[in-house]
Amino acid sequence: MRTSRGSWSVAGLVAGFAGLAVSYCVAMVLTTRDAPLTSVAEGVTRLTPGPVVERAIGVLGHWDKPVLLLMILLLSAALFAWAGLLARRWWWAPVIVYAVLALVGGIAVQSQRGAGTIDLLPVAVGLATWLVCLSLLTEPLRRHEQATEPGAADPGLPASPGPGTADHTRRTFLIRTGVVVAGAVVLGTVGRVVGTGRRHVEEARRLLRLPGVTEPRAPAGVRVGVEGVTPWVTPADAFYRIDTAFVVPTIDPDDWHLRIHGMVDREVMLSYRELIARRVTQAWVTLNCVSNPVGGDLIGNAWWSGVRLADLLEEAGVQPGADAVLQTSDDGWTCGTPLAALTDDREAMLAVAMNGRPLPIDHGFPVRTIVPGLYGYVSACKWVVEMKVTRFADIEAYWTQRGWAEQGPVKIASRIDVPGDGGDVEASGGRVAGVAWAQRTGISSVEISVDDGPWQRAALGRVPSVDTWVQWAATLDVEPGEHTLAVRARDAHGEAQTGEVRDTVPDGATGWHTIRFEAKETVDG
Ligand SMILES: Nc1nc2c(c(=O)[nH]1)N[C@H]1C(S)=C(S)[C@@H](COP(=O)(O)O)O[C@H]1N2
Ligand SMILES: [Mo]
């Protein structure tokens, strides 16, 4: 008995749809963006002449998109089945079919607005799934054919295979098909649930109106006016992102609650509506990550709007002996924040908006904590849902369990933005610039040194408070050729940024940012 052509096309179909399901799931988990198949549909719509699209919409009405998706699915099904059939003769033939399909998917994904390399991941994972599943499913079919084909058997062995072999390979094929189908259904469903939740919350976020939240207006004089220096205000979509969430929590504001408990006189339970009905506080605060290496870019400056934590904690009535607040995120991440930082006069807040808009989901929507002067890992809890007033002696938090320091005050630091490492500058009159920060204390001066020479003062931009970074700029006058440039800052207490080189673990890197550059007679442009 030979295997039927049917089994081979079923293998192709099942492997094909498993790949689509996996790519869909990965796309939903990764981003809000459409799955590759949907991107292809959008690409087809974009490439179709306008009048044809209009006619189709005229005939199909709201059904134009489902019908197009269905047509693409049917075409894919035919190609998948064909790939399965081809596999019977030439193992490499389906690889070509899949490669072409993946290429089409990849191009469609990349042609979307704002697409990045990461958007190719669903396509790549889908392609890998096709190859693995197809070989899994066709392997028993191949064995079956070899076992049952006369003459194919090893001449040294008895001519006819044992009676169980054909049954055995068929059973293997059926079991594997079942497993692949079940896996695809599960992953497809997971993708759907994740994707729907995210879209729903995106919609809720878009419709929010936050009273008292104003547009970010950078104060006068913050910019030093050197081209290439990091913008003083970091747009939300350029703001660094650090979290441990594989799937970002998507919380409908109507479902959000914050519980303040532990060593307090009265537990506080707060809904989102109650939170945004309170008095809004707003501040420019520069947030940075303890894992930021010297010269790194895990730092950003934004206009945050929210509710002061000092007031909320006062209402709860903090009991004597407490020195910490254990914050918990909706995704289970925790951090321990010094109580004093949440109750003194700094603008420690439950932030609901970033740069005048509701927080982006990735940055903690609907509510996160912002505490000026502390690294994010001990303070800036995104998707915060619980605050327990407690003692450091009694708690451990996510990163402190993993070797990072319990306390995480931001260290004095400075960075060269212009020129970039290895860049060119005009030897005489060329401008160099960057940023420096010492949140809570403020920067009093920034100095640069060329080739380890004497330190020279840079000019500083203005700042609205001690809690933001400051831009600096200086003018060079050096011989043409290769040089190094180093920068160091001093805080408002007169403490100088240390040149001692230390790693980010356990409480933040130190050392002077130093780059190489080439001084030229003239730089074009
Ligand atoms: N829920 C949650 N909040 C978190 C984290 C996290 O992993 N999960 N990471 C923290 C760290 S280490 C930093 S530096 C900041 C980064 O905030 P951002 O992603 O908005 O820039 O968030 C903090 N809040
Ligand atoms: Mo961080």
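Both counts, for ligands and for their atoms, begin at 1 and track the order of listing. Everything numeric here is computed off the predicted structure, so don't read it as measured data.
Of the protein's heavy atoms, K382 NZ, 2.5 Å lies nearest to atom 19 (O) of ligand 1. The protein heavy atom nearest to atom 15 (C) of ligand 1 is R368 NH2, 3.9 Å. Here the heavy atom of the protein found nearest to atom 9 (N) of ligand 1 is I242 O, 3.2 Å. Nearest protein neighbour of atom 24 (N) of ligand 1, counting heavy atoms only, is A380 O, 2.9 Å.
Looking at heavy atoms from C-beta onward, V432 lies out of side-chain contact with V418 at the 4.5 angstrom threshold. The side-chain heavy atoms of V307 and M349, taken from C-beta on, include no pair separated by under 4.5 Å. Residues L350 and V384 form a side-chain contact, since some pair of their non-hydrogen atoms from C-beta on lies under 4.5 Å apart. When side chains are defined from C-beta on, P216 counts as touching W284, because their heavy atoms get closer than 4.5 Å. A heavy-atom distance below 4.5 Å is found between the side chains of W304 and M354.
Contacts between D331 and ligand 1 below 4.0 angstrom, taking non-hydrogen atoms only, involve the side chain exclusively. Using a 4.0 Å cut-off between heavy atoms, Y398 makes no contact with ligand 1 at all. Only side-chain heavy atoms of S329 come within less than 4.0 Å of ligand 1; its backbone N, CA, C and O stay farther off. Only the side chain of W333 comes within contact range of ligand 1, with a heavy atom under 4.0 Å; no backbone atom does. Counting heavy atoms closer than 4.0 Å to ligand 1, residue Y240 contributes atoms from both its backbone and its side chain.
In this structure, the side chain of K382 does not engage the main chain of S329 through any donor-acceptor pair within 3.5 Å. A distance-only check finds no donor-acceptor pair linking the side chain of T343 to the backbone of A310 [under 3.5 Å]. Not a single donor-acceptor pair under 3.5 Å links the side chain of W232 to the backbone N or O of P219.
Those atoms of ligand 1 with a heavy atom of Y377 less than 4.0 angstrom away are 11 (C), 12 (S). For ligand 1, the atoms closer than 4.0 angstrom to any heavy atom of C289 are 14 (S). Residue-ligand proximity, G376 to ligand 1, at heavy-atom distances under 4.0 Å covers atoms 10 (C), 11 (C), 13 (C), 14 (S), 23 (C).
Residue R241 has no nitrogen or oxygen atom sitting less than 3.5 Å from a nitrogen or oxygen atom of ligand 1, judged on distance alone. Considering backbone and side-chain atoms alike, F239 places every N or O at 3.5 Å or more from each N or O of ligand 1. Checked against a 3.5 angstrom limit, the closest N/O atoms of T244 and ligand 1 fall inside it.
Within 6.0 Å of CD in E314 there are 12 or fewer heavy atoms belonging to other residues, nucleotides or ligands.
Remark: the D417 side chain and the T230 side chain contain an N/O donor-acceptor pair separated by less than 3.5 Å.
Taking 4.0 Å as the cut-off, A245 does not count as a neighbour of ligand 1 on heavy-atom distance.
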